[in-house]
Each structure stands twice: as structure tokens, then as C-alpha cells.
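The structure under discussion appears below in the form of C-alpha cells.
Chain letters run A, B, ... following the sequence lines, proteins first and then strands; every chain starts at 1.
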Number of protein chains: 2
Amino acid sequence: MAEELEPEQLNTYFALMESVSLLHHAVEQQVRAAGELSYVQFQLLARLADSPDRQLTMTALADGVVYSRSGLTHQAGLLEKAGLVTRTPSPDDQRATLVTITQAGVDRVRAILPGHIALVRDLLFAPLAARDLRTLGDTMARIRDHMRAQPPRSVSTRQRRG
Amino acid sequence: MAEELEPEQLNTYFALMESVSLLHHAVEQQVRAAGELSYVQFQLLARLADSPDRQLTMTALADGVVYSRSGLTHQAGLLEKAGLVTRTPSPDDQRATLVTITQAGVDRVRAILPGHIALVRDLLFAPLAARDLRTLGDTMARIRDHMRAQPPRSVSTRQRRG
DNA sequence: TATTGTTATACTCTATAACTATA
DNA sequence: TATAGTTATAGAGTATAACAATA
């Protein structure tokens, strides 16, 4: 087992991190300009808009987007204050909070989406052939699933999700 | 002429963003645990350690890592206060500041690197075959170069064409 | 006891604008 | 005039720990 990454691995790692950093920076600006939301807030709303009944529990909503409970509480509070979501106790589990996107929230997502899609297409997919796209999608899905399955490493903080 | 992303594009976009988000979160923790640095600080030090004469101007150092001058000034100040870099006026251009990594800075990077490499290998490369790796590296390099070449969009103006 | 979520708090990061100085 | 960098400052994001309520 090599102690180092192969040069090819290192280059791949760097290219991946820089590309996504650039992409993230660009979409962050687009989302803020088109809808006055942070990217995290946009992701939360987009998720709710795509959910059955347009609602999710806090825990389900956090999954994959946010890494601390209090962070989500904070963001949900901001979205609620802006009238984009409502929070109600869950009838199924009295501990849980159901977050529901409002019509204003749906409208906000719709206002952001066309420019967002255009930007992602131009920045991320423009230089890819159809075959590259398929391969990239397969590879990233594999990596994502692998990472999701990793038990959080020994770090002091306890991770969400179980 | 599609107004939307193909489902395959959407899935690829999501898988890419979530994978890198998970990876970023993991390496951020590793870097902090092993060397008490943020990932940005680690990137800055690693870049300096790899540079000729172990030094770069502020502008060159910022490139690709940080998106505002003041942000870099702040980070460089923290690194300097920690004794990991020094800042001196450039002899070539009196306006420029040369940032030089100290031996303590090099040692810090070396303390972080083995665990960092192991983590990236386990999280990112473990599920990839040699062929996948090569393809991913090529694709991400192409995307990165494409994004680097994009003129920064004026976010206030609507994107034209596609 | 474990889980869901909130609160309070503190800290870091980032960005904008005004500024100095050099080219 | 344009560029390199700093300062001041303000706002947003995130995480920790303590907490209450429910399972």
C-alpha cells in the first residue's frame, strides 16, 4: 500500500475540488442574485418542493445538506421568517417538526431555477460529450454512495443520521 | 433548446455537489484535527510548500483558493500570527507582498499530509477502478479549465443563450 | 435511555468599501 | 489610471453544549 497518492490521484483530487469550488461560488451568486437565498437555503427549499406533500421533518430535511441540527434550526427559522416555509408539530411523532414549503417558497424556487439550470449547463456540462456525462454521473453516484456509507470517523462531534 | 437539464444531468450535478460536500466536510475535520488549520489555510500552506523558493505573492497565492483580497489578507494574517508564514515586501514590485512559508509551516503541512492522503484515498478513490480514476481525472480537468476560462458573469444581468 | 429539535453562545469566514502605496 | 494589498466593519454560517419534550 502506497503511503502517497499517485500523481494521477492527486491531480484528480485537486481538479475535483477546484471545479466544485468554482461551481459552488458561481451558483451561490446566481441563487442570491435571482432569489436572495443562500445556496443551502435554496437546496432546502428545492428539496421540500420535490417532496410528497411538500413537507419533511427537520431530520429528513437536513440529510445530506446540513451537518448540524442547530444549523438547520437556524436556517429553517430564517426561511420561516421570510414566509417561505412553515413549521408544525408532526402528528405521527410529537417530537418531530414538519417543515412545509409555502406557495411563496415554491414561487421563489421557480424564480431561481431557470437561471440556475442555465448556469449549471454552461459551466458544468458545456465541455462534456454525452458519453462523458454518463460516465461522470455513474462515477459520482458511486462515490457519493460510498461516502454516505462511511461511518463518521473518530471526531469529537457526533454525526447526524443513523 | 431544452429549458431544463436532462434528468441525467440533474443527477450528475447533485451527485457531484453532494459527494464533494461530504468530502469537503471530512477533510475539513481531518485538517483541523491533525493540524489545527482550516481547509483554506491548509491549501494556502500546501501551495506555498510546493512553490519555487516556497513563496508567492498575495495575488498568486489567492488564485483559485480564495475569492476576495481581504479574505486572503485575513487568512495570511492568521497564518503569520501562528508563525507558519512570513510576509515581506517584494523586491521586484514594491506594491506586492511576498508570502513565505516557514519551517514550522512546512512541518505543519507534513503533520497533516499522511492522514489527509489516507482519508482522500479511502473516501474518494476506494470505490474507483484504475480506469474510472483516469477518466474522472480527465473529465474534471476539462471542466476545471473550462470554468477557469469563463469570464466572471455579471450576476445582475441575465445569461444569454446557451 | 435515546431521539427530535431549540436555544444561547461563540467563533470563523467572507465580502464590501474606503484607504494607502506603488506602477 | 490601474494594480496590490490592508483595514474596518458588518453579516452570514456553523458548531457546541445545555436544555426540554417525547419515544
Separation of atom CG in B:L78 from atom C1' in D:dT6, rounded to whole Å: 14 Å

Listed partners of A:E8 passing salt bridge (Lys or Arg N to Asp or Glu O under 4.0 Å), at least two apart: B:R134

Given C:dA15, D:dT6, C:dT4, the nucleotide with the shortest approach to the side chain of A:A96: C:dT4

Residues which pass salt bridge (Lys or Arg N to Asp or Glu O under 4.0 Å) with B:R69, listed by chain and number, not counting sequence neighbours: none

Position toward the 5' end of DNA chain D (nearest nucleotide), B:A76 or A:Q75: B:A76

Under 3.5 Å: donor-acceptor pair, side chain of B:Q30, backbone of B:I112: yes

Side chain to side chain donor-acceptor pair (under 3.5 Å): pairs with one or both residues in residues 96-113 of chain A, sequence neighbours excluded: A:Q55-A:T100, A:Q103-A:D107

Between D:dA12 (C1') and A:E28 (CD): distance, integer Å: 10 Å

Selection residues 22-31 of chain B - residue pairs positive for salt bridge (Lys or Arg N to Asp or Glu O under 4.0 Å), sequence neighbours left out: B:E28-B:R32

By salt bridge (Lys or Arg N to Asp or Glu O under 4.0 Å) - contacts of A:R87 (at least two apart): A:E80

Distance in angstrom units between A:Q29 CD and C:dT14 P, rounded: 14 Å

Within residues 65-96 of chain B or reaching into it, pairs that qualify as ring pair (Phe, Tyr, Trp, His ring centres under 6.0 Å) - sequence neighbours excluded: A:H25-B:Y67

Under 4.0 angstrom between A:R87 side-chain N/O and C:dT6 OP1 or OP2: yes

Earlier contact from the 5' end, DNA chain D, for B:A60 and A:R32: B:A60

Any residue meeting side chain to side chain donor-acceptor pair (under 3.5 Å) with B:R148, in chain and number order, not counting sequence neighbours: A:E18

Atom pairs, protein N/O to nucleotides 9-11 of chain C N/O, distance under 3.5 Å:
none

B:H25 side chain near D:dA15 phosphate (N/O to OP1/OP2, under 4.0 Å): yes

Per-nucleotide protein contact string for nucleotides 16-23 of chain C, where B marks a base within reach and S marks sugar-phosphate only (heavy atoms under 4.0 Å, - for neither): B-----BS

Pairs flagged by side chain to side chain donor-acceptor pair (under 3.5 Å) wherever residues 44-54 of chain B is involved - sequence neighbours left out: none

Sugar-phosphate only, base, or nothing, as touched by B:T97 at under 4.0 Å among non-hydrogen atoms: sugar-phosphate

Of residues 35-59 of chain B, the positions that come close to DNA chain D - non-hydrogen atoms, cut-off under 4.0 Å: B:T57, B:M58, B:T59

Under 3.5 Å donor-acceptor, A:H146 side chain and B:D122 backbone: yes

Pairwise ring pair (Phe, Tyr, Trp, His ring centres under 6.0 Å) hits with a residue in residues 118-142 of chain B, at least two apart: none

